[in-house]
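What you see is a predicted model, and the numbers here were worked out from it, not measured in a lab. Counting starts at 1 for both ligands and their atoms, in listed order.
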Amino acid sequence: MSNGATVGIHDLSFATTEFVLPHTALAEYNGTPVGKYHTGIGQRSMSVPAADEDIVTLGASAAAPIVARHGTDGIRTLVFATESSIDQAKAAGVYVHSLLGLPSATRVVELKQACYGATAALQFALGLIHRDPTQKVLVVASDVSKYELDSPGEATQGAAAVAMLVTADPALVRIEDPSGLFTADVMDFWRPNYRDAALVDGQESIGAYLQAVQGTWKDYAEQGGRPLEDFGAFCYHQPFTKMAYKAHRHLLNSAGHDTDEAAVERALGRTTGYNAVIGNSYTASVYLGLAALLDDAEDLDGQAVGFLSYGSGSVAEFFAGTVVPGYREHLRTEAHREAVERRQPIGHDRYRELHEWGFPTDGGDHPTPAGTTGPFRLAGIAGHKRIYEKR
Ligand code: CAA
């Protein structure tokens, strides 16, 4: 590290939605062989928000256990990363700040660059803590991934939020310098302000992701990063879990390494457990990969983990972290499994209804149908203002 301090992820907690749609239901509806979903893209089910859930309720639900465990002392910044923003001006994090009862002496901001935003937020946090190691930064990555009904992207939807407390002398993962960086102006996935479902060129997006993997690794190596052999596991952005496998094989090939399938499985297999059943959670996805890896039974004390964060459009970053010895005492494995298992399966009709549901834009008083049993809900909209409730 540049100034000798160790900084990184001190705590990590995630939340997902009230409902879940199994891919078997989607396959049955649209006549796709389910093997395309289960094996071809590596997805079993996708989280579906209730009408009264959004990026704020998910983000607050993810972050509340962190505040309950550590209190608010030292948290002077909350960075909210999202692709599925709910307001063009106000940061969603301000609602989260209020729902969590954080001190008024807090800096709150929203960051956007498709699925890459959470990594920008993490790097922003690390910089602040290097400047003042007594401070803590709450990073919240929260997204609802939405594509058009009956489009190829539909099977790769999902929703979740990850909250991370970033501090000096962290208990889970120390984040290292350098980073490998890559930006290219491509139109692989985008969402104009007037749309709530993303537009995507699926095959172009896969190619753009692979190009970014190669670009970040090249820069990482040039910046003096670790050799590939150092890493015990790799957390990739997972729009669908098979994408991590495509990306890792591409990385190995472009770095002149063998793509031995057993080694690829060892590097990635433990990172896909949550993403395979939650679906794409955009900014949260790479950190859900980390949650799955840490919650896995195997001891990772002292191991180096590679992170590849990709945001369409596109910006990507490769960086390394070291798992802190003793990290297992600080995990939330049971709560994470509960967040996944508590979801209520819904049928295809209900999923379509929820997909098409939206507030009228007339400025009237519109309460939201009750759906979530989680700790926070979007109670409605009145005079164009969103109203949140805490249970
Ligand atoms: N049994 C097993 N496998 C099957 C199968 C079957 N019956 N039928 C098809 N498959 C396999 C295919 O061979 C293919 O595998 P390979 O890629 O390894 O060849 C896989 O299933 C998918 O099949 P298709 O490519 O034909 O699928 P598709 O064209 O319907 O769409 C998709 C796939 C492009 C991912 C689409 O879901 C999509 O557009 N998703 C959104 C975009 C996306 O996720 N892009 C990822 C990179 S961009 C990014 O990462 C940022 C982000 O979050 C959006």
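- Across the listed options I41, V200, D188, V200 owns the non-hydrogen atom lying nearest to atom 42 (C) of ligand 1.
- K246 counts as a contact of ligand 1, since one of its heavy atoms falls under 4.0 Å from the ligand.
- The nearest protein atom to atom 40 (N) of ligand 1, hydrogens excluded, is given as T156 OG1, 3.1 Å; this is a heavy-atom distance.
- The residue from G153, A198, A155, G202 that puts a heavy atom closest to atom 34 (C) of ligand 1 is G202.
- One hydrophobic cluster, built from ILVMFWY side chains closer than 4.5 Å, cannot hold both L288 and M243; they sit in different ones.
- Per-atom contact check: atom 9 (C) of ligand 1 touches the protein, criterion being a heavy-atom distance below 4.0 Å.
- Numbered from 1 in the order shown, with element, the atoms of ligand 1 that lie under 4.0 Å from a heavy atom of G35 read 1 (N), 2 (C), 3 (N), 6 (C).
- Atom 4 (C) of ligand 1 is flagged as protein-proximal [any protein heavy atom, distance under 4.0 Å].
- Looking at ligand 1, you'll find an N or O of H237 within less than 3.5 Å of one of its N or O atoms.
- Formation of a donor-acceptor pair under 3.5 Å by the H23 side chain with backbone atoms of V34 is not found in this model.
- When the heavy atoms of F240, Y116, Y147, Y310 are ranked by distance to atom 54 (C) of ligand 1, first place goes to Y147.
- When hydrogens are left out, the protein atom nearest atom 44 (O) of ligand 1 is P239 CB, 3.4 Å; that is the closest non-hydrogen contact.
- Regarding atom 51 (C) of ligand 1, its nearest protein heavy-atom neighbour is S312 OG, 3.3 Å.
- Judged by the shortest distance from any of its heavy atoms, C115 lies inside the 4.0 Å radius around the atoms of ligand 1.
- Counting non-hydrogen atoms of other residues, nucleotides and ligands closer than 6.0 Å to CZ of R76 gives a total of 12 or fewer.
- A salt bridge is absent between R343 and E18: the closest approach of a Lys/Arg side-chain nitrogen to an acidic carboxylate oxygen does not fall below 4.0 angstrom.
- Salt bridge status for R377 with D54: absent, with no side-chain N to carboxylate O gap under 4.0 Å.
- Between Q203 and ligand 1 there is a heavy-atom distance shorter than 4.0 Å.
- Taking all atoms of both residues into account, the shortest heavy-atom contact from V139 to A125 is CG2-CB, 4.0 Å.
- Shown here for A247 and L210, the closest heavy-atom pair between the two residues is CA-CD2, 3.7 Å.
- D143 places no side-chain N or O within 3.5 Å of a backbone atom of S145 that could act as its donor or acceptor partner.
- A cation-pi arrangement is absent between K146 and Y282 under the rule of less than 6.0 angstrom and at most 45 degrees off the ring axis.
- There is no protein heavy atom closer than 4.0 angstrom to atom 32 (C) of ligand 1.
- Counting heavy atoms under 4.0 Å from ligand 1, residue E154 does not touch it at all.
- When hydrogens are left out, the protein atom nearest atom 15 (O) of ligand 1 is G40 O, 4.0 Å; that is the closest non-hydrogen contact.
- The environment of E261 atom CD is dense: over 12 non-hydrogen atoms of other residues, nucleotides or ligands sit within 6.0 angstrom.
- Here's the thing with M243: none of its N/O atoms is less than 3.5 angstrom from an N/O atom of ligand 1.
- When distances from atom 29 (O) of ligand 1 to the protein are checked, a heavy atom turns up under 4.0 Å.
- Closest protein heavy atom to atom 26 (O) of ligand 1: K36 NZ, 3.8 Å.
- Side-chain contact, Q123 with E317: a donor N or O sits under 3.5 Å from an acceptor N or O.
- Cation-pi geometry between R391 and F376 is not satisfied (NZ or CZ under 6.0 Å from the ring centre, within 45° of the ring normal).
- Between E334 and R337, no side-chain nitrogen of the basic residue sits less than 4.0 Å from a carboxylate oxygen of the acidic one, so the salt-bridge criterion is not met.
- Closest to atom 36 (C) of ligand 1, if we only count protein heavy atoms, is P152 O, 3.4 Å.
- When G42, S314, S145, S205 are checked for heavy-atom proximity to atom 43 (C) of ligand 1, S205 turns out nearest.
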